[in-house]
Chemist: 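One structure is given below, represented as structure tokens, and several questions about it will come after.
Convention: sequence-line order gives letters A, B, ...; per-chain numbering from 1. Fair warning: this is a prediction, and the values are worked out from it, not measured in the lab.
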Amino acid sequence: MNSGYILGPRGFEKNNYLDSIIPILDNFNLQLEKLNQINKQKDVLMSEYAGNNNDVSEEQLREWYNEDNISMPFEKYKEEILKERQKKQPQLDQLLQRNKYEYNANVRYMQDIIYETSQNIQLERKQIQRKLDEFNIQLNQLRLDREKIGIQYDAERRIINEGMLKEFRQKEDSLIFEIQKLQQALKKLDDMHNLMKESLEKYSLGLRTLNPIEREFYEEIKKANDQDYTTNYKKELDEYNKLLEMYEEDYERFIDLNNKLLNDEISYEEYKKYADYMLERYDSLKEQYNKVNELYEKTKEEVANNQKWHPSLTEEQIEDLKRRGIRKPTGYEYEKYLNTMGLDKDRIPVPIGPTQVSGLGEKKKDDVLKIDKKEHKPKLTWKTAAAVAAGIGIGATVFFTAGPLGVTVMNIAAAITKVVVSKKLAKARAKRLSGIKEVEKIEIPDSKLKAAIFKLKQYLKSEEGLRDMSWLLTSAILTGTSLSIIDGISNAIEASKAQPTQTIEPSPESISQAQVEPTPKPITQVEPTTEIGIGDSIDGMNITEGYDTANWAINNNNAESLLTQYGEGATIKEFVTSSGEHFTSGSLQDVMSQTGLGADDIAARLITSNGGEYAWVGADQLGAVAETVGKVL
Amino acid sequence: MIDKIVVLNDKTKIYILDEIEYKGKRFVYGVECESSVEDITENYYILEINLSNDKLLLNDINDIEIESVVNNIFLSRIKNK
């Protein structure tokens with residue numbers, strides 16, 4: 001870093017962006033050295049004439065008396081020395097006075113240099129930042145082009161050749177290298193900036209003045225600046241911050257509702273209710289903010305009123321200032337006046353007072369009122385209906401079989417008389433983008449993110465992860481449908497129970513000719529009589545709760561245990577394990593010991609007393625009584 | 001663009017876990033990243049990539065059959081990867 005070399009794709013190279021920065025830094029260091037030397041001389045001088053009222057101790061005199069081998073008696077020597085020191089006193093005062101002004105002049109000179117250097121640094125910084133932005137844009141464009149060509153070739157059934165890939169990689173590497181060089185230069189500028197800040201603090205006029213009265217003055221101001229003025233109105237401020245946090249959270253949700261309204265997912269009435277609520281909240285938040293702001297202004301004024309005039313000013317001078325219009329020891333005119341008097345130039349310590357409270361954005365209020373007043377009604381089409389039916393209660397696979405769409409789907413759904421959706425579905429729902437979005441940038445993830453992704457990949461490879469993911473991705477089909485559609489489906493399922501061969505015809509006004517496909521392609525072949533029931537362990541899941549409507553199922557309301565629905569007068573027909581084995585006799589214990597599986601990987605198939613309906617129940621739901629095939633509950 | 005982060009024009013960041021081609025179209029499966037904390041969220045996306053007017057566009061899959069096929073393909077690849 002010091003030598004300005006950096007490792008690139010072709011070995012060590014000199015960082016050309018440092019060429020303009022290094023002279024600035026060297027110059028600054030030189031000036032700093034000079035000032036340090038001047039101040040050292042002053043310190044030496046001060047230590048020789050230590051203080052105004054520092055009498056020499058008797059011991060010190062004894063030492064000098066012995067060292068210099070004085071001939072006269074000690075008492076006489078003592079008298080002489082003290083007389084000399086008294087003679088020197090006015091000279092000493094003058095010397096101290098002169099030194100003080102010299103010190104001040106040095107500090108002012110230091111501040112000028114710092115100011116000039118900081119200007120140069122700002123200019124350099126702007127140029128480097130501009131170049132950095134340009135290179136970042138180029139890099140991003142290169143990456144986007146790479147993907148675009150990939151997609152184009154996909155459509156044309158072509159393969160990108162090795163030479164093209166190599167070219168991309170080389171261009172990318174050289175751009176990254178330029179960016180690294182610029183970042184190194186930026187870092188150097190930041191280091192310089194920190195060095196300047198440190199030297200500014202070191203040379204501040206705060207407590208290094210010699211006058212004890214001035215020292216007291218500065219200490220008082222420092223104490224005032226360290227004070228926390230917000231204790232005056234802490235309660236109101238805390239309340240405001242809490243309200244603001246809650247408002248911002250609700251505002252995020254409000255934006256989601258906004259999008260849903262535009263996508264016809266909720267009704268305008270629902271939206272308007274929430275919008276009115278948000279407006280109320282905004283008003284109360286504004287009220288609280290005004291309260292806090294009032295207190296802040298009051299405190300600020302108090303602090304300004306309690307400020308004292310500079311101790312070196314006489315009463316006449318203060319009267320003069322007041323006549324001129326400078327009534328308080330604050331403000332630009334007052335500072336200018338002090339400068340003309342040769343007092344502290346840029347470092348006049350002024351009590352800071354309380355920091356201002358962050359305000360409310362006016363924009364947020366306007367956004368609430370922006371939506372047009374239109375009637376939004378959800379549409380029921382055969383596509384959405386089938387999607388919902390297919391997605392309900394089933395893990396990863398979606399059932400579409402050959403035949404008029406809707407028949408076999410409904411049959412399978414009919415077997416699931418209670419629609420079953422587990423809590424995992426509600427928790428981890430795959431999201432939709434809600435609108436076409438453009439890819440602006442392609443970035444490489446950093447190490448922290450890579451670690452998180454690695455963990456995720458490990459989790460996905462496990463059984464639990466795969467199961468979770470299958471629920472997630474299927475639920476993507478469910479989102480975007482309105483709840484009233486699901487009610488309709490639920491009713492259709494109930495109706496088809498009585499007449500299993502009834503088909504659900506798509507209503508003629510909801511589809512157009514182009515949409516109807518004669519036979520949808522089978523994705524997974526499923527027999528209409530496949531035993532999919534409650535309690536079946538699909539993907540290792542044990543389903544034992546049911547809901548009366550799909551609506552409730554999706555929102556996890558009013559869950560009922562299926563055992564109570566089907567348990568009375570039911571017989572156990574067989575046990576089935578998650579590994580697919582059937583046991584038509586024996587007890588649960590036998591099954592568990594034979595397969596080595598736990599009760600939550602085993603389901604029991606129940607038949608009602610008339611032998612008709614059947615249901616599956618998870619084995620861990622069975623009471624101790626009913627654990628053998630053939631037993632009556 | 002597997003194992004890269006895609007930044008959309010509304011500042012959403014999605015880490016691409018997998019990418020397939022099906023019926024001449026390209027689909028990706030990714031997880032949303034939180035830029036302020038540099039961590040992943042629990043939001044997963046299955047999206048389609050298009051090239052239009054020299055712009056890369058991401059969109060939800062609107063055809064249910066294709067969506068179900070693509071879902072299954074991604075799921076099977078998770079297990080085998």
Chemist: Keeping the roles fixed (side chain from A:K148, backbone from B:D54), state whether a donor-acceptor pair exists under 3.5 Å.
Modeler: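 Flag set: sc A:K148 to bb B:D54 pair under 3.5 Å.
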
Chemist: Does any backbone or side-chain atom of A:D446 lie under 4.5 Å from a heavy atom of chain B? Answer side chain, backbone, both or neither.
Modeler: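 A:D446 touches chain B through side-chain heavy atoms alone.
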
Chemist: How many angstroms lie between atom CG of B:D10 and atom CD of A:E440, to the nearest 0.5 angstrom?
Modeler: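 The CD atom of A:E440 is 9.0 Å from CG of B:D10, to the nearest 0.5 Å.
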
Chemist: To the nearest 0.5 Å, how far apart are CG in A:L144 and CG in B:L56?
Modeler: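 A:L144 atom CG to B:L56 atom CG measures 5.5 Å (nearest 0.5 Å).
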
Chemist: Looking at residues at least two apart in the chain, or sitting in another chain, which of them share a side chain to side chain donor-acceptor pair (under 3.5 Å) with A:N136?
Modeler: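 So A:N136 forms no side chain to side chain donor-acceptor pair (under 3.5 Å) with any residue.
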
Chemist: Taking the side chain as everything from C-beta on, heavy atoms only, tell me whether A:K437 gets closer than 4.5 Å to B:L57.
Modeler: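 Answer no - side chains too far apart.
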
Chemist: State, to 0.1 Å, how close A:L449 and B:C33 come at their nearest heavy-atom pair, and which atoms those are.
Modeler: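 In terms of heavy atoms, the two residues are closest at CD2-SG, 3.9 Å.
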
Chemist: Checking A:L456 against B:L17 for the side chain to side chain contact (heavy atoms under 4.5 Å, CB included) test, could you report, in this order, the C-alpha distance in whole Å, the side-chain angles of both residues, the deciding distance, and whether it holds?
Modeler: CA-CA 10 Å; A:L456 174 68; B:L17 288 165; 4.0 Å; yes

Chemist: Examine whether an atom of B:K13 lies under 4.5 Å from a heavy atom of chain A, and if so say whether it belongs to the side chain, the backbone or both; otherwise answer neither.
Modeler: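 For B:K13, the contact with chain A is made by the side chain alone.
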
Chemist: Looking only at heavy atoms and a cut-off of under 4.5 Å, which of B:D3, B:I14, B:I16 has the most pairs with chain A?
Modeler: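 Of the options given, most contacts go to B:D3.
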
Chemist: In Å, rounded to the nearest 0.5 Å, how long is the span from CD of B:E19 to CD of A:E147?
Modeler: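 Between B:E19 CD and A:E147 CD, I get 6.5 Å after rounding to 0.5 Å.
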
Chemist: Could you report the tightest heavy-atom contact between A:G435 and B:D60, atom names first, then the distance?
Modeler: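 Of all heavy-atom pairs spanning A:G435 and B:D60, the closest is N-OD2, 4.3 Å.
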
Chemist: Measuring from atom CG of B:N59 to atom CD1 of A:I436, what distance do you get when rounded to the nearest 0.5 angstrom?
Modeler: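 Atom-to-atom, B:N59:CG and A:I436:CD1 are 4.0 Å apart.
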
Chemist: Report the option among A:N140, A:D145, A:I453 that has the most heavy-atom pairs separated by less than 4.5 Å from atoms of chain B.
Modeler: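 The candidate making the most pairs under 4.5 Å is A:I453.
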
Chemist: Find the distance between CG (B:L8) and NZ (A:K441) and round it off to the nearest 0.5 Å.
Modeler: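 The NZ atom of A:K441 is 11.5 Å from CG of B:L8, to the nearest 0.5 Å.
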
Chemist: Could I get the full list of side chain to side chain donor-acceptor pair (under 3.5 Å) partners for A:R143, not counting sequence neighbours?
Modeler: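 A:R143 satisfies side chain to side chain donor-acceptor pair (under 3.5 Å) with A:E172 only.
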
Chemist: Nearest 0.5 Å, please: how far is OG in B:S52 from CD1 in A:I151?
Modeler: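 It comes to 11.0 Å.
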
Chemist: Looking at every non-hydrogen atom in both residues, tell me the closest pair between B:K4 and A:P445 and how far apart they are.
Modeler: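 Closest pair (atom of B:K4, atom of A:P445, distance): CA-CD, 4.2 Å.
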
Chemist: Any idea which of B:I40, B:V31, B:V6 has the most non-hydrogen atom pairs under 4.5 angstrom with chain A?
Modeler: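 When all of B:I40, B:V31, B:V6 are compared, B:I40 has the most.
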
